[in-house]
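The model shown is predicted, which means the values in this text are computed figures rather than measured ones. Here is how names work: the chains are called A, B, and so on, in the same order as the sequence lines, proteins then strands, and each is numbered from 1.
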Amino acid sequence: MPETLLDVEHLSHVFRLSKHAHIRAVDDVSFQLHRGEILGLVGESGSGKSTVARCLMNIYQPTAGVIRYQGVNILDRREFARNRKMLETRRQIIFQDSASSLNQRMKVADIIAEPMHIHHIKPPRGSLREEAAYQLKYVGMDASYLDQYPSELSGGQRQRVAIARALSMEPELLVADEPIASLDVSIQAQIVNLFKHCNQEHGFSILFIAHDLAMVEFLCHRVGVMYRGRMVELAPTAELFGDPRHAYTKALLSAIPYPDPVIQKNRPRVDFEELEFDREGAFTEVTPGHFVLQEDRR
Amino acid sequence: MMKQNLLLYWGKKALVFLVSVMVLSVAVFYISRLAPGDPLMSYYGERTEKMSVEEKEAAREKLGLNDPIHVQYVRWLQNALKGDFGISYKYKQDVTEVIGSRIGNTLILGGIGFVLTFLGALGLGILCAWHEDKWPDQLLCKGGTLLSCIPEFWLSLVMILVFSVTLQWLPSSGAYDVGHKHDILNRAEHLILPLTVVVLEHLWYYAYMIRNKLLEETRADYVLLGKAKGLSKKKILLGHCLRNSLPSYISLMAISVPHVLGGTYIVEKVFSYPGIGTLSFESAQYHDYNLLMVLCMLTGIVVILGNLIGGIINERIDPRIKAAEVTETSEVTWD
Amino acid sequence: MEEILNIKNLSVNIHAPGGTVHAVRDVSFELYPGEVLAIVGESGCGKSMLCKAIMKLLPKSAKVEGGQIFANGVDITHYSQKDMEKLRGKLFSYVFQDPMTALNPTIPIGKQIGEAVLVHEPKLPKAQVYERVIELMELVGIQRPRERYHLYPYNFSGGMRQRSVMAIALASNPRILLADEPTTALDVTIQAQILDLLKKIQVQLGTATILVSHDLGVVASAADRVAIMYAGKIVEIGTAEEVYYDPRHPYTWGLMQSLPALNKGNAELKTIPGMPPTLVEPPVGDAFACRNQYALEIDYHQQPPMFRISDTHYAATWLLDPRAPKITPPIGGKRNA
Amino acid sequence: MGLTDQELFTPVGIRQIPEKPAGKQRWHHGFPWISAALMTIIVACCMGAELLMTKDPTFMDLQNCSVAPNAEFLFGTDTLGRDIFSGIWYGGRISITIGVLATVISTMIAVVYGAVSGVGPVWLDTLMMRFTEIFLSVPSLLIVLFLQAIWGEANMLSLSVAIGVTGWAGIAKVIRTEVRQIRSSEYVLASRCMGGRFFHVLRKHLAPNFLASIMFMVIMNVRTAISAESTLSFMGMGLPLEIVSWGSMLSLAEKALLTQSWWIILIPGGFLVTLLMCITNMGNYLRKAANRKESNL
């Protein structure tokens with residue numbers, strides 16, 4: 001049994017919008033992330049997958065549930081404070097490429113060096129700048145980009161810079177929140193390869209959040225499917241794609257367009273009616289490692 | 001909306017208004033009592049200096065100035081509710097009478113100025129948006145920038161210098177010539193210059209506002225869809241863009257009523273126009289606190305009303321605001 | 001068959017402060033009645049500009065610099081905006097990428113569709129307009145249209161809004177539908193529904209469709225013919241089977257190879273190295289040369305012409321020149337699901 | 001081309017083509033050179049007033065009241081016999097100082113208020129923004145008037161404070177919006193996840209980003225403040241006659257109108273309007289530097 005790096009139990013997060021309205025953005029979600037694995041989290045927009053990521057990073061304080069990182073309950077203020085430095089260096093997050101994902105007024109060198117600067121880490125390779133250059137080279141860019149601003153880079157390059165910044169702390173857990181969503185197909189492939197490389201060569205564990213199921217199938221070891229704040233299915237990749245159990249997963253898989261005109265045009269599609277969804281079901285293990293949200297048969 | 005909800009809505013608004021006015025009156029009262037200078041001065045003027053200590057004490061007692069300030073406020077409020085706001089020191093008259101004799105003049109100047117500004121700005125704004133970055137737009141923008149840099153009082157001075165002193169076409173001061181109080185033509189003649197200044201000073205700000213709002217709208221995607229379905233430029237600009245910008249423009253104008261009025265105050269002063277504005281300056285200069293207090297209250301009430309009306313227009317006309325409410329209450333609650 | 005739209009050597013330039021961007025360079029293609037032509041390319045390859053140029057919806061800074069557009073056999077290249085107003089909606093319509101912003105938020109949906117009906121039939125009585133709107137809403141799969149007629153866009157979900165946009169586009173029975181990334185902003189399950197709708201309409205009304213997308217999967221599900229665009233040019237065009245099973249341009253190879261669905265079992269995805277060129281100063285030769293592992297010397301000197309592979313299949317790469325060395329395509333052939 | 005077919009059709013693979021640097025927008029694109037130069041000249045002359053003055057600007061030469069511009073009095077004299085040419089530079093310094101001082105005060109209040117509102121909880125933010133809106137809709141001149149009436153005789157400092165405390169609301173609103181936006185932006189989230197404390201985020205991320213966006217507001221505030229000073233002094237509610245400023249020079253205008261002494265009105269006013277215009281043009285340039293989307297119409 002591989003070591004459990006991250007243990008999420010019954011995580012719930014409710015956003016209060018006003019006196020009368022609230023959203024259960026995340027509702028009773030439980031999963032484990034093992035050391036050295038890539039766990040995919042998929043779902044449509046608003047399904048709560050980004051909220052999960054933000055709870056894991058202590059950006060949101062969830063309404064209920066427990067998150068343990070290497071046995072440390074990160075939601076407990078005192079435990080968090082005691083392990084603060086470890087948590088801040090060992091966990092890193094990467095966001096979707098957007099105008100606000102990197103500070104427009106900082107140079108690439110300063111962006112990559114920011115975490116080292118914050119934690120006053122003595123750079124192993126001499127100066128902060130050389131360290132930044134090393135990390136940049138690792139993600140496939142040369143040192144000439146050090147003095148450029150994010151606005152002068154393409155989307156794929158900006159995402160590489162964000163990854164370089166995260167890698168500079170040599171983290172154990174990388175939370176990637178839709179890292180390839182706004183990139184072109186050929187650039188997506190480059191970034192996905194980079195993630196795969198990080199995982200295989202350096203053993204980083206990755207929580208990979210995406211809505212592109214084909215990429216998730218290629219990259220991840222296990223996949224969790226979320227719908228309206230609930231985790232509806234969690235299974236090893238091959239099993240999930242080969243033998244989906246939940247109706248929503250089936251609909252989702254049948255909706256992925258396959259890049260082949262003959263196959264795609266003759267493929268049956270499964271519809272999923274929102275009304276069929278029973279959010280009060282129990283998340284049960286049907287076969288070893290394969291969890292499904294099942295109807296509550298009280 | 002249900003009838004009961006509607007009642008609740010207006011009730012809430014009325015309550016907000018009343019509370020605001022109360023808070024305002026407390027604030028103004030306290031601040032004016034904190035002001036330096038002997039309040040006796042505002043009742044007895046020069047005579048105060050000749051009064052003996054005992055006389056002063058007696059006068060204070062009589063006026064209730066020795067009571068704690070909240071007692072004074074309550075008394076003021078009681079009198080005010082009866083319509084008694086005290087006596088203006090300078091005019092030796094009831095404050096209400098002094099203001100009553102002037103307010104009509106200000107309403108004429110400010111009211112006409114406001115309507116002209118509102119309509120003119122709308123027209124100019126649409127014109128500019130229609131010809132974005134072409135010469136009419138650029139010319140108007142340049143002219144507007146220049147106008148916005150000229151302080152009102154100086155524009156008034158230059159107007160007087162040119163049209164009254166040099167060319168002698170128009171009168172330079174007052175609301176009417178002596179003995180012509182009811183002569184409309186004479187009044188109109190006196191109104192031309194001040195009105196021109198009031199409108200010129202504000203016109204551009206609002207025209208620019210509506211221009212920018214319209215241009216912001218023309219950048220929305222639905223404009224492209226409108227074009228793609230074959231709508232003409234006129235239909236898109238007036239039927240879609242203007243329709244979307246109008247609620248916020250109208251509510252902006254409602255909030256701006258005090259600004260236009262504030263502008264007329266300065267113009268009134270330069271043209272010695274007998275209105276509320278001139279009165280405000282005088283009351284401030286002569287420490288005529290009873291008068292100043294009521295004038296401040298009046299301005300404050302206009303501000304509060306403007307804000308309220310602006311808010312109501314925004315909430316009730318623009319479906320986008322309702323949209324925010326709907327998404328908050330019904331759509332997202334999944335449980 | 002007589003073509004309904006014929007684009008000849010179209011070029012579009014955008015005059016930006018940083019320099020002139022050659023967004024569309026020398027593009028030619030035809031569209032036949034009742035077919036779906038997909039234009040595939042990455043962001044910035046000029047596919048969206050191309051569609052906007054056809055309907056003259058370009059922003060002010062963009063200009064058609066050369067070429068001709070024939071619609072129904074008529075040269076509309078120099079039509080004014082006034083002339084275009086008569087064609088838009090009637091001859092061709094546009095479906096936009098983002099349904100969240102494409103509708104006017106302050107006007108009820110029914111009224112917005114009705115507006116589109118009235119554009120070309122201004123004298124239609126109110127009751128008939130209403131009936132036509134209801135009919136259109138039913139056509140695009142909006143259930144209970146009479147109830148929803150008075151709703152505002154904010155009451156609608158993304159998929160419903162895109163259906164409304166399509167109802168607007170179809171209001172005057174256009175002969176050509178330009179769908180610019182119609183499903184990109186939507187979730188996968190909704191995307192599948194909208195694609196189904198597109199196909200249904202195309203069969204039911206026989207509308208010729210130009211489907212712009214970056215997603216080869218989306219294109220596979222709807223297209224009869226496919227054009228691949230790169231750096232402002234069409235580099236390969238052919239029937240869907242030809243392009244998917246027998247691609248000839250190295251860029252098409254690269255695109256297909258980078259798809260995870262076609263990479264099952266591989267340790268890594270194949271990628272196209274580098275980035276697309278900025279089109280401020282396009283390279284002298286083939287724009288793809290500096291990312292092409294099969295590049296020939298001539299690619300760095302001279303732009304390739306369109307080589308004919310079959311009557312329907314053309315590609316712009318020097319590899320198809322008889323003098324070029326033979327290269328086995330790294331991808332292609334029919335697959336089994 | 002001196003290459004044979006065989007050479008031309010040799011596979012060469014990927015060849016690095018030196019990347020041309022992307023065309024950066026030059027910073028002086030559309031820069032208002034004339035306004036900048038004029039402003040520099042006026043400000044420099046006012047700061048070095050002593051070097052330019054031909055007379056004592058406060059000396060009342062009663063033999064030479066309301067003299068039209070001539071060789072001795074370049075811009076003429078006012079109704080009290082003071083030299084306008086000297087007064088322009090000397091008074092300009094006071095006007096500009098008040099403008100800058102008032103803006104500094106406004107900006108300081110605005111930064112604190114805006115930041116608190118931007119960082120604070122939602123109820124506080126709503127309350128504070130409601131207050132700013134009401135404050136904004138009160139004509140600020142009336143507030144200054146009220147303050148001045150209470151404080152009595154004005155001097156430079158009191159006038160600056162009075163103008164300063166009425167002019168912060170606009171800037172505060174912009175700061176609050178910016179702070180809210182930047183605070184929820186992903187680079188700030190990332191920085192906080194990496195362990196960046198409040199002051200690190202403030203120094204590295206918040207300050208540099210919102211400073212740029214409030215520059216326009218700050219510059220426009222200088223304009224408003226100078227304009228307010230002149231209006232108040234003209235009304236007799238600002239600086240007294242003895243302290244020479246552009247506004248107090250213009251407060252003699254009513255007498256000047258009677259004697260048709262146009263120079264007393266037009267010359268100081270002309271300088272005032274020119275300076276305000278220059279400042280406006282600079283401000284507008286800063287605002288336009290932020291890129292603008294294109295019209296769809």
Would you please test L262(C) and Y258(A) for side-chain contact (heavy atoms from CB on, under 4.5 Å) and show each step?
CA-CA 9 Å; L262(C) 305 182; Y258(A) 190 78; 3.8 Å; yes
Residue by residue, scan residues 193-200 of chain C and write down, ordered by number, those that have a heavy-atom distance under 4.5 Å to chain A; if none do, write 'none'.
Q193(C), D196(C)
With a 4.5 angstrom heavy-atom cut-off, is it the side chain or the backbone of Q191(C) that approaches chain A, or both, or neither?
side chain
Applying a criterion of heavy atom separation less than 4.5 Å, what residues of residues 238-252 of chain A form contacts with chain C?
A251(A), L252(A)
Scanning both residues in full, the closest heavy-atom pair of T189(C) with A255(A) reads CA-CB, 3.9 Å
Please classify the contact between E217(A) and chain C as side chain, backbone, both or neither, with a heavy-atom cut-off of under 4.5 Å.
side chain
With only heavy atoms counted, which part of V192(A) is less than 4.5 Å from chain C, the side chain, the backbone, both or neither?
side chain
Suppose we screen for side-chain contact (heavy atoms from CB on, under 4.5 Å). Which residues come up paired with S45(A), at least two apart in sequence or across chains?
D187(C)
Knowing that exactly one of Q257(C), E42(C), K270(C) qualifies, which makes a side-chain hydrogen bond (donor to acceptor under 3.5 Å, both in side chains) with S186(A)?
E42(C)
With sequence neighbours left out, the residues meeting ring-ring contact (aromatic ring centres under 6.0 Å, His included) with H197(A) are Y138(A)
All heavy atoms of M275(C) vs all of S154(A), minimum pair found to be SD-OG, 3.0 Å
Are L269(C) and F218(A) close enough, and set up right, to give a side-chain contact (heavy atoms from CB on, under 4.5 Å), and what steps lead you there?
CA-CA 9 Å; L269(C) 295 173; F218(A) 178 81; 3.4 Å; yes
Is there side-chain contact between Y245(C) and V262(A), with at least one heavy-atom pair below 4.5 Å?
yes
Mind checking whether M256(C) and P259(A) have side chains closer than 4.5 Å, heavy atoms only?
no
Here the pair of heavy atoms bringing A220(C) nearest to Q264(A) is C-CG, 3.9 Å
For a side chain to side chain contact (heavy atoms under 4.5 Å, CB included) with S43(C), tell me which candidate from L183(A), I187(A), D184(A) qualifies.
D184(A)
Taking C-beta and beyond as the side chain, do E44(A) and L186(C) meet within less than 4.5 Å on heavy atoms?
no
Look up atom CD1 in I263(A) and atom OG in S221(C), then write down how far apart they are to the nearest 0.5 Å.
13.0 Å
Per-residue contact mode, D271(A) against chain C (heavy atom under 4.5 angstrom):
side chain
Hey, could you give me the CG/CD1 distance between D215(C) and I256(A), rounded to the nearest 0.5 Å?
11.0 Å
Interatomic distance, E241(C) atom CD to D260(A) atom CG [nearest 0.5 angstrom]:
9.0 Å
Largest heavy-atom contact set with chain C, pairs under 4.5 Å, which of Q200(A), H211(A), Q190(A), R269(A):
R269(A)
